[in-house]
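Here's the structure, in structure tokens; my notes come after.
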Amino acid sequence: MSEASNPKPESETADNDVPELTGSGLQAEKSRRLAQLDEMRAKGVNPYPYRFDRSHTLAELRAQWGHLEPGSETEANVSIAGRIMLKREQGKLIFGTVRDRSSDIQLFVSKAVIGDEGFADVANLDLGDWVGVHGIVMTTRKGELSIKVSRLELLSKAVRPLPNKWTGLTDTDTRFRQRYTDLIVNEDARRAFQVRHAVISSFRRTLATKEFIEVETPVLHVEAGGAHARPFLTHHNSLDMQLYLRIALELHLKRLIVGGMERVYEIGRVFRNEGISTRHNPEFTMMELYQAFGDYSEVMAICEELIVQAARDAIGTTIVGIADPEGVVHTVDLAEPWRRASMIELIAEKTGVETHPSQPVESLRALADKVGVRYDKRWGSGKLIEEIFEFTAESSLICPTFVTGHPVEISPLARADRNDPFITERFELFVGARELANGYSELNDPVEQRLRFEDEQAAKDAGDVERGTVDEDYLRALEFGLPPTGGLGVGMDRVAMLLAGVSSIKEVILFPTLRPEAF
RNA sequence: GCACCCUUAGCUCAAUGGUAGAGCAGCUGACUCUUAAUCAGUAGGUUCUAGGUUCGAGUCCUAGAGGGUGCACCA
């Protein structure tokens with residue numbers, strides 16, 4: 001602590017023994033800081049104390065004293081804690097910036113106030129150190145709200161230097177691998193995760209007002225059903241059995257509707273063993289809800305309400321900028337009524353050709369050829385229609401759009417449309433050309449569900465690895481009676497992306513999946 | 001999986017095939033109202049890895065590693 005009295009000559013004599021203390025490479029820098037810790041311990045000071053009691057967060061401090069006149073000095077003695085982000089030394093004065101989770105504040109450290117020893121301790125602080133500060137609330141002559149420091153204690157030493165204080169950390173690899181560093185120096189990163197949190201908590205509040213019950217269902221599945229995706233495979237030792245990580249929440253949640261819970265939802269991680277892109281992470285977060293006695297139009301309304309409310313809660317507005325696939329940003333008000341259009345309507349809009357899943361595959365293959373969609377010989381009319389839709393129309397769906405009327409063939413868990421046996425009462429929500437949500441009137445006829453499962457199994461047996469199997473327990477549940485039910489699934493990461501205004505899913509997943517780093 | 005691009009100091013970035021530099025962070029010194037403080041000085045490099053071409057490679061070639069973007073996959 002008394003380094004003012006014996007500053008550097010000693011460490012320079014030590015240079016001969018500890019060459020790492022010379023220079024300013026990373027190793028030398030760490031050695032220098034670790035040596036400070038040794039000096040503190042030698043004086044009986046614990047450089048890693050157990051706790052610190054603060055009187056105010058920095059936001060509370062700003063709320064209470066944010067409007068002081070320049071040159072004011074209060075009687076208010078406060079204690080705050082945070083991380084040193086900036087330091088400006090000026091002879092017998094040191095200015096510092098401390099940041100906590102809520103805000104930041106300037107420290108005003110005067111040698112005359114804090115004393116020689118305390119002043120030397122402050123001078124020895126490095127950017128990144130955690131400190132607890134006691135002092136008086138004041139403003140400088142220029143009006144900057146500050147704390148005139150009477151005492152400062154180190155709460156934890158940063159042994160490794162922070163990235164550039166002005167440019168921050170921009171290397172994406174390092175940002176994602178060392179998310180802690182990213183969060184320290186990049187305001188935008190902190191903000192994106194605040195938005196994500198606000199979205200999820202908003203969903204929970206909205207659903208609570210509608211009397212939905214939040215549940216947790218298994219992640220380890222005997223059969224990976226509820227979606228078309230390749231699963232991750234794992235193994236349980238004592239049962240000596242193969243298990244899958246879930247690819248969807250759907251089938252367990254609907255069992256709960258059979259059980260009479262009527263309104264359930266789950267926000268949970270699902271896992272799909274597929275490619276990684278700006279829109280895909282192998283593990284991501286889905287919200288699925290099921291509501292008894294409702295159909296797809298009812299959950300469509302809930303979907304709209306959930307997302308509009310989340311926008312208000314997370315960013316305080318329903319107006320967002322949405323980039324189209326060309327990168328042009330469109331200003332969109334999410335509060336406006338969302339467009340509803342059927343898949344075959346949208347295909348007709350783009351191609352001028354009327355399609356329907358009842359048509360023979362040949363005519364749809366001809367259209368696919370015409371618009372340039374590659375297809376598999378095993379695909380039926382329904383799958384062809386979906387592919388044609390994705391290829392021709394999807395990229396133009398910038399404003400929120402409910403696409404409805406998916407063919408039965410591609411919707412094994414959705415109920416057929418009450419007016420058209422070839423399509424389902426299903427919708428997908430597209431915003432910014434990205435699929436955000438999916439919902440339908442749930443198929444509750446156990447006999448028809450078995451036939452659909454058998455079609456899935458046949459496709460899987462024919463080599464389509466993403467298709468499903470016959471889930472006998474789920475069929476048994478349906479045999480006990482699933483009431484009319486509307487179901488909804490929302491990709492929470494993508495909603496967070498939309499509202500945070502970021503273009504990569506990695507910006508809203510704290511620790512995205514990466515190859516392991518070589519150490 | 002395929003194509004293209006990137007990898008240089010702790011961080012952000014320079015460097016016609018010809019002695020690897022700067023800013024920030026660090027260190028030393030000056031400075032009692034700074035705000036990315038300023039000023040003077042100083043130190044810091046396995047140029048991602050392994051080969052190759054060349055009198056000479058951060059730069060060119062080959063292979064590999066990691067990352068990014070696009071495509072494929074993703075109902």
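Labels below follow one simple rule: chain letters A, B, ... track the order of the sequence lines, proteins then strands, and each chain is numbered from 1. These numbers were taken from a predicted model, which means no experiment stands behind them.
- Atom CD1 of A:Ile105 is separated from atom P of B:U35 by 17 Å (rounded to the nearest Å).
- Residues A:Leu162 and A:Thr140 each lie close to RNA chain B; by heavy-atom proximity, the contact nearer the 5' end of the strand is made by A:Leu162.
- Between B:G18 and B:U54, the distance separating the two C1' atoms is 12 Å to the nearest Å.
- Within the 4.0 Å cut-off from OP1 or OP2 of B:C33, at least one side-chain nitrogen or oxygen of A:Gln90 is found.
- Between B:A37, B:C73, B:C33, one nucleotide has an atom nearer to the side chain of A:Glu466 than all others, and that is B:C73.
- Nearest nucleotide to the side chain of A:Pro161, out of B:C11, B:G10, B:U35: B:G10.
- Within 4.0 Å (heavy atoms only), A:Gly168 reaches sugar-phosphate atoms of the nucleic acid but no base atom.
- For the C1' atoms, the distance linking B:A14 with B:A9 amounts to 13 Å, nearest Å.
- Nearest to the side chain of A:Leu514, among B:G68, B:G10, B:C73, sits B:G68.
- Across B:U12 and B:U53, the matching P atoms stand 35 Å from one another, rounded to whole Å.
- Among the nucleotides B:A36, B:C11, B:C73, the one closest to any side-chain atom of A:Leu169 is B:C11.
- Computed from coordinates, the A:Arg515 CZ to B:A65 P distance equals 8 Å when rounded to whole Å.
- Within 6.0 Å of CZ on A:Arg415 lie no more than 12 heavy atoms contributed by other residues, nucleotides or ligands.
- The residue A:Asn438 sits close to a base: some heavy atom pair falls under 4.0 Å.
- Between the P atoms of B:G51 and B:C13, the separation comes to 30 Å (whole Å).
- For A:Lys165 and B:C24, the shortest distance from a side-chain N or O to OP1 or OP2 is not below 4.0 Å.
- Side-chain atoms of A:Gln457 and A:Asp461 form a donor-acceptor pair, as typed in the model, at a separation below 3.5 Å.
- Every residue meeting the ring pair (Phe, Tyr, Trp, His ring centres under 6.0 Å) condition with A:Phe402, not counting sequence neighbours, appears here in chain and number order: A:Trp338, A:Phe427.
- Of the candidate nucleotides B:G10, B:U12, B:A37, B:A37 has the atom nearest to the side chain of A:Leu86.
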Run A:Ile307 and A:Leu429 through side-chain contact (heavy atoms from CB on, under 4.5 Å) and show every step you take.
CA-CA 11 Å; A:Ile307 292 174; A:Leu429 170 66; 3.6 Å; yes

Verdict with reasoning, A:Ile276 to A:Lys506, per side-chain contact (heavy atoms from CB on, under 4.5 Å):
CA-CA 10 Å; A:Ile276 295 175; A:Lys506 292 185 172 73; 3.6 Å; yes

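- For residues 225-234 of chain A, proximity to RNA chain B is found at A:His228, defined as any non-hydrogen atom under 4.0 angstrom from a strand atom.
- In this structure, A:Lys506 reaches the B:G68 phosphate: one of its side-chain N or O atoms is under 4.0 Å from OP1 or OP2.
- Between atom CG of residue A:Leu58 and atom CD1 of residue A:Ile147 there is a gap of 6.5 Å, rounded to the nearest 0.5 Å.
- Taking CD from A:Gln36 and CG from A:Asn124, the interatomic distance works out to 4.5 Å, rounded to the nearest 0.5 Å.
- Backbone-only contact: A:Thr278 has heavy atoms under 4.0 Å from sugar-phosphate atoms and none from a base.
- Across all strands, A:Glu409 comes closer than 4.0 Å to no nucleic acid atom at all (heavy-atom distances).
- Computed from coordinates, the A:Leu107 CG to B:U35 C1' distance equals 13 Å when rounded to whole Å.
- Atom CD of A:Glu73 is separated from atom C1' of B:C33 by 13 Å (rounded to the nearest Å).
- Within the 4.0 angstrom heavy-atom criterion, no nucleotide atom of any strand lies near A:Ile94.
- A:Glu428 comes within contact range of no nucleotide atom at all, as no heavy-atom separation falls under 4.0 Å.
- As rounded to whole Å, 16 Å separates atom C1' of B:C33 from atom CD1 of A:Ile147.
- Proximity of A:Arg177 to the phosphate of B:G67: a side-chain N or O atom is located under 4.0 Å from OP1 or OP2.
- The separation of B:G26 from B:G66, taken at their P atoms, amounts to 35 Å, rounded to a whole angstrom.
- Contacts of A:Ile410 with the nucleic acid, taken as non-hydrogen atoms under 4.0 Å apart, include base atoms.
- Look at A:Thr172 and you won't find any side-chain N or O under 4.0 angstrom from OP1 or OP2 of B:U69.
- A:Lys111 places its NZ atom 13 Å from the C1' atom of B:A30, with the value rounded to the nearest Å.
- Spacing between B:U69 and B:A25 at atom P, rounded to whole Å, works out to 31 Å.
- Along RNA chain B, the nucleotide closest to A:Phe95 and the one closest to A:Ser411 are compared, and the more 5′ of them pairs with A:Phe95.
- Between B:C11 and A:Thr167, no contact under 4.0 Å exists linking OP1 or OP2 to a side-chain N or O.
- The side chain of A:Ser110 lies closest to B:U32, out of B:U12, B:U35, B:U32.
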Can you give the dot-bracket line for RNA chain B, where a pair is Watson-Crick or G-U wobble with both atom distances under 3.5 Å, crossing pairs use [ ], and | marks a partner on another strand?
(((((((..((((....[..)))).(((((.......))))).....(((((..]....))))))))))))....

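- Nearest heavy-atom pair across A:Ser150 and A:Val113 is CA-CG1, 4.4 Å.
- Classified by interplanar angle (parallel below 30°, tilted 30° to 60°, perpendicular above 60°), the ring pair A:His221/A:His252 is tilted.
- Among the atoms of the strands shown, only primed sugar atoms or phosphate atoms (P, OP1, OP2) are found under 4.0 Å from some heavy atom of A:Asp173.
- The salt bridge (Lys or Arg N to Asp or Glu O under 4.0 Å) test with A:Asp126 is passed by exactly one of A:Lys165, A:Arg32, A:Lys30: A:Arg32.
- Rounded to whole angstrom, the span from the NZ atom of A:Lys87 across to the P atom of B:C31 amounts to 17 Å.
- Nucleic acid contact for A:Arg374: sugar-phosphate only, since backbone atoms but no base atoms lie under 4.0 Å from a heavy atom of the residue.
- Spacing of C1' atoms, B:U8 relative to B:G58, comes out at 7 Å, to the nearest Å.
- Between the CD atom of A:Glu29 and the P atom of B:A25 there is a distance of 12 Å, given to the nearest Å.
- Between the CD1 atom in A:Ile114 and the NE2 atom in A:His134 there is a gap of 10.5 Å [rounded to 0.5 Å].
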Test A:Arg450 against A:Glu454 for side-chain contact (heavy atoms from CB on, under 4.5 Å), laying out the working first.
CA-CA 6 Å; A:Arg450 179 175 291 281; A:Glu454 283 169 359; 3.5 Å; yes

Run the numbers on A:Phe453 and A:Leu413 for side-chain contact (heavy atoms from CB on, under 4.5 Å), then give the verdict.
CA-CA 9 Å; A:Phe453 275 159; A:Leu413 298 162; 3.9 Å; yes

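- Rounded to a whole angstrom, the distance from the C1' atom of B:A20 to that of B:C27 is 22 Å.
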